[in-house]
Amino acid sequence: QRIRESEQHSPSGLICISVNIELIISTTQSGLILFCFFSRTDVVAVTPWLAPIVWEGTFDPDLVDTIYKSMNITIATTVFAVGKYVRFLRDFLETAEKHFLVDFNVRYYVFTDRPDDVPSVNLSQGRHLSVIQVPGSNRWQEISARRMEIIQTAIERQISREADYIFCLDVDSKFHARWGAESLGRLVAVIHPWFYQVTRDHFTYERRPASTAYIPMDEGDYYYAGAVFGGLLEEVYTLTKVCRNQLEEDARNSIEAAWQEESHLNRYLLYNKPSKLLSPEYQWDDKKTKTKEVKVIRFSSVVKNYAEIRPNV
Ligand SMILES: CC(=O)N[C@H]1[C@@H](OP(=O)(O)OP(=O)(O)OC[C@H]2O[C@@H](n3ccc(=O)[nH]c3=O)[C@H](O)[C@@H]2O)O[C@H](CO)[C@H](O)[C@@H]1O
Ligand SMILES: [Mn+2]
């Protein structure tokens, strides 16, 4: 059933802005109402290649969770805490236990050079945490970019035997609200919170043809954030392998892409389209003022003092 209110004249004679609400009621043949919610008409909820873009109000949370729960899946979650970034782990893990894939089997993989500083956090049933030691570095660019290689290796050695899906997340972040099974898909990326309202000429893709992350000005769909990507294990394995190889090829040619692995991720996703996109609800930035499209912030980057926290500026 659709309700559309078009332009109306108020008593004062001013024209009101059209309301345009779609009320979707799904019924069975017997007439029993299964679910009822307002779909969104203020945001685009599908890509030109017909992948869903997940916004609050475009899915039924209980129904989606029920479908995935019956599959008895395990979701791996990688998070890097190298150097001073170990300080973000407690909030990350504690808020994840409250909001991230609650009641699902989740395996956290914490990559750190300071295993003794990993906090002990109470995990719910069905949830595990492994600590994997990685080298430190005196360049944040290298720490961030090497994640591709390290995730690829960890999938080969361990994760492929232990999980079905994987999410790779930034640690300088907190969960604030439900992040459920609506986020799962073959290959999943998140629209960067600073770039969802701008045209593609503003995207900070790598623009130098000498880099393997190069994207010409007239190409590109979305600007994806490097802080969140995921999908089926084998899909993310290929993604990390390709990005790792391209990062290494660039290094051999003494070129570093504008935003390191984020640039390579964007290049990969341009030619390997994600099957599902997460709206900026799934990667907000605490420095950014909330816009009206964002009804719920599920996961956001905390404000940090770069000079104090990173090994270099
Ligand atoms: C929202 C978003 O898309 N952010 C991207 C952006 O800035 P960010 O400011 O989000 O980068 P960042 O400092 O959070 O670094 C990315 C991640 O690398 C890890 N880390 C980094 C430095 C360090 O000393 N120790 C450590 O563990 C940690 O997990 C951190 O969350 O640019 C980065 C570098 O290209 C990545 O592309 C990020 O994904
Ligand atoms: Mn970050």
Side-chain angles (χ1 to χ4, degrees), residues 77-93 95-96 108-115 117-119 131-151 154 167-175 188-196 198 203-206 211 213 222-230 239-240 243-244 246-247 250-251 255-269 274 277-288 294 297-313:
T77 304
T78 66
V79 65
F80 285 71
V82 175
K84 291 183 182 172
Y85 280 59
V86 284
R87 70 176 65 167
F88 297 117
L89 272 175
R90 181 176 291 282
D91 279 351
F92 176 93
L93 292 167
T95 59
Y108 300 102
Y109 298 86
V110 174
F111 298 88
T112 183
D113 57 337
R114 302 183 182 185
D117 295 342
V118 175
V131 178
I132 298 171
Q133 186 147 6
V134 293
S137 167
N138 54 15
R139 284 190 76 235
W140 65 265
Q141 294 90 339
E142 185 182 315
I143 297 169
S144 191
R146 273 199 79 195
R147 290 186 288 178
M148 290 294 183
E149 172 209 330
I150 294 169
I151 294 167
F167 273 113
C168 306
L169 305 177
D170 261 25
V171 74
D172 55 327
S173 331
K174 282 189 207 176
F175 294 85
V188 181
V190 69
I191 303 174
H192 197 294
W194 290 98
F195 297 94
Y196 74 99
V198 300
F203 294 171
T204 54
Y205 294 146
E206 173 54 56
S211 167
Y222 300 89
Y223 190 78
Y224 303 105
V228 175
F229 57 90
L239 179 156
T240 53
C243 289
R244 177 236 179 127
Q246 300 198 341
L247 280 153
D250 275 13
I255 188 161
E256 186 175 82
W259 288 99
Q260 297 81 34
E261 82 297 343
E262 186 174 83
S263 305
H264 289 273
L265 176 75
N266 272 280
R267 160 86 185 212
Y268 182 86
L269 295 171
L277 269 64
L278 304 179
S279 70
E281 296 165 4
Y282 293 80
Q283 173 53 60
W284 197 246
D285 184 337
D286 288 354
K287 287 198 294 295
K288 193 173 159 69
V294 176
I297 294 173
R298 305 172 192 280
F299 185 65
S300 71
S301 304
V302 302
V303 178
K304 60 188 189 292
N305 178 348
Y306 283 102
E308 200 269 318
I309 193 111
R310 282 178 169 172
N312 59 315
V313 278

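Every number for a ligand or one of its atoms is a count from 1 in the order of the listing.
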| said: For ligand 1, give me the residues whose heavy-atom distance to it is below 4.0 Å, by chain and number please. | reply: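 Contacts of ligand 1 under 4.0 Å: F80, A81, V82, Y85, W140, I143, S144, R147, D170, V171, D172, H192, A225, G226, A227, W259, Q260, E261, E262, Q283, K304, Y306, R310, P311.
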
Checking the side chain of E262 only, and the main-chain atoms of A225 only, is there a donor and an acceptor separated by less than 3.5 Å?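 No; judged by distance alone, with no hydrogens or angles, the pair does not exist.
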
Report task. Verify whether the ring centers belonging to F92 and F175 lie closer than 6.0 Å. Result ->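 When the ring centroids of F92 and F175 are compared, they turn out to be within the sub-6.0 Å range.
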
_Distance flag, aromatic centroids of F195 and Y222, threshold under 6.0 Å_ =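 No, ring centres 6.0 Å or more apart.
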
Taking the side chain as C-beta and beyond, is there a heavy-atom pair between [X] and [Y] under 4.5 Å?
{"X": "V171", "Y": "L89", "answer": "yes"}
{"X": "R146", "Y": "P135", "answer": "yes"}
{"X": "V198", "Y": "Y223", "answer": "no"}

Using side-chain hydrogen bond (donor to acceptor under 3.5 Å, both in side chains) as the criterion, point out the one residue from Q260, R310, E261 that pairs with S144.
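That would be E261; it is the only one of Q260, R310, E261 passing the side-chain hydrogen bond (donor to acceptor under 3.5 Å, both in side chains) with S144.
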
query: At distances under 2.8 Å, what protein N, O or S atoms surround the Mn ion (ligand 2)?
result: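 Per the 2.8 Å query on the Mn ion (ligand 2), atoms found are D170 OD2, D172 OD1, D172 OD2.
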
Review point. So, Q283 versus D170: side-chain donor-acceptor pair below 3.5 Å or not?
Key: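 No, D170 and Q283 have no side-chain donor paired with an acceptor closer than 3.5 Å.
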
**Asked** If you measure only the distance, is there a donor-acceptor pair under 3.5 Å linking the side chains of D285 and S301?
**Response**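 Their side chains do not contain a donor-acceptor pair, so the 3.5 Å distance test is not met.
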
